Amino acid sequence: MGSSQGRHAALQERANELGHERGRRTYAITGVMGGLSQLAWRGALVVLVFALGMVVFAKPDSAFLKGVVLAGLLLALIVLRLAWRRLSAGRGMNRCHIYGGGLAVTDLFGRLRDVVAWSEVTELKRSSGAVLFTPLYRVELARRAAEPLAFVVPAYQTDLIKALQERANQHGIAQKQVRYIVS
């Protein structure tokens, strides 16, 4: 068994100890690629809507055909986005699972990235800001015997932030609002 497989097995065993089998709440998290994909999505959407508007108002030759092509591209973009959401949620990609005894974070491929017990956490740090026109929160859990666990949460996922704050309060974990990030 390779070191990667051994680490994954150890993380899975740890998640099971924290209550993986008994239920969990799952939330989406993101990374740099998530921010870039948001920027690409918004840019493509603006360009297609602008082009569709130009076809409607300028009425060039064969405007109907051009409008149908642009509307088709817009519809395809929306369908691809919905399909990606369903696929990523189904595969557990970039998720934060909150258990009774702790939390687990998965990576882009749905594998466990890290598992933390609430008893190990010494401080919950959070900051908010915007990166590439995408509002987000950065969460960092300081631990006693290991490096901090940090992940990024889209700004629309305030439920995750509230759940983390509730768990921190339940377990007597110090909380800190860190400086505002803009880049």
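These numbers were taken from a predicted model, which means no experiment stands behind them.
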Would you say the side chain of [Y] lies within less than 4.5 Å of the side chain of [X], judging by non-hydrogen atoms?
X	Y	value
Arg113	Phe151	yes
Ile161	Val139	yes
Leu164	Arg126	no
Leu160	Ile98	yes
Leu48	Leu77	yes

Exercise. Residues in side-chain hydrogen bond (donor to acceptor under 3.5 Å, both in side chains) with Gln165, at least two apart?
Worked result: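 None.
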
Problem set entry | Under the side-chain hydrogen bond (donor to acceptor under 3.5 Å, both in side chains) test, residues paired with Tyr137 that sit two or more places apart |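 Testing Tyr137 for side-chain hydrogen bond (donor to acceptor under 3.5 Å, both in side chains), a comparison that skips the adjacent residues, returns none.
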
Least distance between heavy atoms, [X] atom then [Y] atom:
X	Y	answer
Val116	Arg143	CG2-NH1, 3.3 Å
Tyr99	Trp118	O-NE1, 3.5 Å
Gly67	Leu52	O-CD1, 3.6 Å
Pro148	Ala142	CB-CA, 4.3 Å
Val55	Lys66	CG2-CB, 4.2 Å
Ala168	Gln175	CB-NE2, 3.6 Å

Exercise. Under the side-chain contact (heavy atoms from CB on, under 4.5 Å) test, which residues partner Ala76, sequence neighbours left out?
Worked result: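 side-chain contact (heavy atoms from CB on, under 4.5 Å) list for Ala76, sorted by chain: empty.
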
Exercise. Residues two or more places apart in sequence or in another chain: which of them pass side-chain contact (heavy atoms from CB on, under 4.5 Å) with Gln170?
Worked result: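 Only Arg167 meet the side-chain contact (heavy atoms from CB on, under 4.5 Å) criterion with Gln170.
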
Problem set entry | side-chain contact (heavy atoms from CB on, under 4.5 Å) assessment of Leu136 paired with Val153 | CA-CA 6 Å; Leu136 53 84; Val153 181; over 6 Å; no

For residues 100-108, tabulate all N or O donor-acceptor pairs below 3.5 Å that involve a side-chain atom, not counting sequence neighbours.
| from | atom 1 | to | atom 2 | distance (Å) |
| --- | --- | --- | --- | --- |
| Thr106 | OG1 | Gly92 | O | 2.7 |
| Thr106 | OG1 | Asn94 | N | 3.4 |
| Thr106 | OG1 | Arg95 | N | 2.8 |
| Thr106 | OG1 | Arg95 | O | 3.4 |
| Asp107 | OD1 | Phe109 | N | 3.0 |
| Asp107 | OD1 | Gly110 | N | 3.1 |
| Asp107 | OD1 | Arg111 | N | 2.9 |

Would a hydrophobic clustering, with Ile, Leu, Val, Met, Phe, Trp and Tyr connected at side-chain separations under 4.5 Å, put [X] with [Y]?
X	Y	value
Val46	Ile78	no
Trp41	Leu75	no
Phe57	Leu74	no

From [X] atom [atom1] to [Y] atom [atom2], the distance as rounded to the nearest 0.5 Å:
X	Y	atom1	atom2	answer
Glu123	Leu141	CD	CG	10.0 Å
Leu73	Leu80	CG	CG	10.5 Å
Glu147	Asp114	CD	CG	9.0 Å

For this session: Take Gln177 and Ser128 through the test side-chain contact (heavy atoms from CB on, under 4.5 Å) and record every step on the way to the result.
Result: CA-CA 9 Å; Gln177 177 74 27; Ser128 59; 4.1 Å; yes

Exercise. Taking the hydrophobic residues Ile, Leu, Val, Met, Phe, Trp and Tyr, and joining any pair whose side-chain heavy atoms are under 4.5 Å apart, which ones share a cluster with Phe64?
Worked result: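 When side chains under 4.5 Å apart are linked, the cluster holding Phe64 also contains Val68.
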
For this session: Without swapping roles, check the side chain of Arg144 against the backbone of Ser119 for a donor-acceptor pair under 3.5 Å.
Result: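 A pair under 3.5 Å: yes.
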
